[in-house]
2 protein chains.
Amino acid sequence: MRISTRGQYGLRAMCRLVLLQRAGGSGPVSLRDIAEKEDISSQYLEQLFRGLRGAGLVESVRGAKGGYILARPPEEISVADILRAVEGPIAPVECVESDSVDACCDRKDYCMTREAWIRLRDSMVETLDSINLADLCKPGELGRGSTC
Amino acid sequence: MRISTRGQYGLRAMCRLVLLQRAGGSGPVSLRDIAEKEDISSQYLEQLFRGLRGAGLVESVRGAKGGYILARPPEEISVADILRAVEGPIAPVECVESDSVDACCDRKDYCMTREAWIRLRDSMVETLDSINLADLCKPGELGRGSTC
DNA sequence: ATATATATGACTATTTTACTCAGATATCTA
DNA sequence: TAGATATCTGAGTAAAATAGTCATATATAT
């Protein structure tokens, strides 16, 4: 029951993008800078940013001095958005990826446990929808959101 | 972000144990019967029931006519109990297995994302604590909880 | 031109998962 | 007491997922 490193790195990278963008004017932020600050391989970040770009969370600027910028303000990008972009659907088991019962397995009594998984999924989605990048990058007493 | 088959099978097996116990008098239920109804290898179930027994959720009766019985009434066994028994701690990332910040990583800014993982963990635990075996095994309009 | 950066597809080592196997121990029934 | 039935325990293994790399193409600033 773990978030993969894709999800963990993806969220860290997006937070870092917020900080670097905030600190460095209006230009795009390179993966090289994010990679250095977050100590993540920039090649791996490239892979993750494919997903983030595909989901419309960031926009890219190619070429020298290029990089990435947030496609929307941090307040409008939720943790759920990011996880879905790099990890796929938020669902504890395959059979509750959609609400359709037909898409589920063929066991007569599948419903016995499905109930539990649906409730778990819904609470996860609700929580992750309610947290956005601005929340996480707010400077606090421990200096979080201000390290750059 | 998936529950492993250990968790899925573990929950199904426990639900089935409730049903078979309810149907079959007061004696213990063999893994063979659970395995047959749920279409899970009984050898795999043995492995899972090690964990369930270790966590005090079931009691075993060895020898012929032996098997397992619930250690507590179904109302007092939560889905969280079962998942913890077969899968380990409920935590989306390693660093929030405990609430101690010291047990976390050594990044200066770990807190930026830790906040999100803690909230996710708490909502997962709250939800899974709130569902018990009696809830899942209640007979309903679709016949769930009554297939035996 | 050249350096810098993203874009894309494929590839690989490692780890985790999902099981299986063999043999020991306990208990009921005949 | 013999035999059948179950749990108990440790170890082993094939397949799948994860985590990360590599090579190469393309775009843009200086």
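In this text the structure is predicted, and so the values were computed from the model without any measurement. All heavy atoms count here, side chains included; hydrogens, waters and symmetry mates do not.
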### Message
If you assign each of A/S42 and B/M1 to its closest nucleotide in DNA chain D, which residue comes earlier from the 5' end?
### Response
B/M1
### Message
Reading DNA chain D from 5' onward, which residue's closest nucleotide shows up sooner: A/T5 or A/G63?
### Response
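Closer to the 5' end of DNA chain D: A/T5.
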Looking only at side-chain atoms of [X], point me to the closest of [options].
X	options	value
B/Y44	D/dG20, C/dA7, C/dC19	C/dC19
B/A64	D/dT5, D/dA29, C/dC19	D/dT5
B/S41	C/dT20, D/dT7, D/dA29	C/dT20
B/S60	D/dT28, D/dC8, C/dA18	D/dC8
B/S4	C/dA18, D/dT21, C/dT29	C/dA18

Atom-to-atom span, [atom1] of [X] to [atom2] of [N] - whole angstrom:
X	N	atom1	atom2	value
B/R2	D/dA17	CZ	C1'	12 Å
B/E59	C/dA26	CD	C1'	17 Å
B/L45	C/dC19	CG	C1'	12 Å
A/L52	C/dT8	CG	P	14 Å
A/L31	C/dA7	CG	C1'	11 Å
B/I40	C/dT20	CD1	C1'	15 Å
B/K65	D/dT7	NZ	P	13 Å
B/D33	D/dT7	CG	C1'	14 Å

### Message
With a 4.5 Å cut-off on side-chain heavy atoms, are A/M1 and A/L120 touching?
### Response
yes
### Query
Any side-chain heavy atom of B/L11 within less than 4.5 Å of one from B/L136?
yes
### Query
Should B/R121 and B/D99 be marked as a salt bridge (Lys or Arg N to Asp or Glu O under 4.0 Å) after you check the CA-CA gap, both sets of side-chain angles, and the distance that decides it?
CA-CA 11 Å; B/R121 180 201 63 187; B/D99 278 318; 2.7 Å; yes
Around [X], counting heavy atoms of other residues, nucleotides and ligands shown, do more than 12 lie under 6.0 Å from its [atom1]?
X	atom1	result
B/Q21	CD	yes
A/E126	CD	no
B/R32	CZ	no

### Task
Specify the residue among A/V29 and B/Q47 whose closest nucleotide of DNA chain C lies further upstream toward the 5′ end.
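Its nucleotide being nearer the 5' end, the pick is A/V29.
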Donor-acceptor pair (no angle test) under 3.5 Å: [X] side chain, [N] base:
X	N	value
A/Q43	D/dC22	no
A/R50	C/dG9	yes
A/R62	D/dT28	no

### Message
By the 4.0 Å heavy-atom rule, please label A/F49 as base, sugar-phosphate, or nothing.
### Response
nothing
### Message
Any base atoms under 4.0 Å from B/R53, or only sugar-phosphate, or nothing? Heavy atoms, all strands.
### Response
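Sugar-phosphate, backbone atoms only, no base.
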### Task
Please state whether the phosphate of C/dC19, meaning OP1 or OP2, lies under 4.0 angstrom from any side-chain nitrogen or oxygen of B/Y9.
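Yes, B/Y9 has a side-chain N/O under 4.0 Å of OP1/OP2 on C/dC19.
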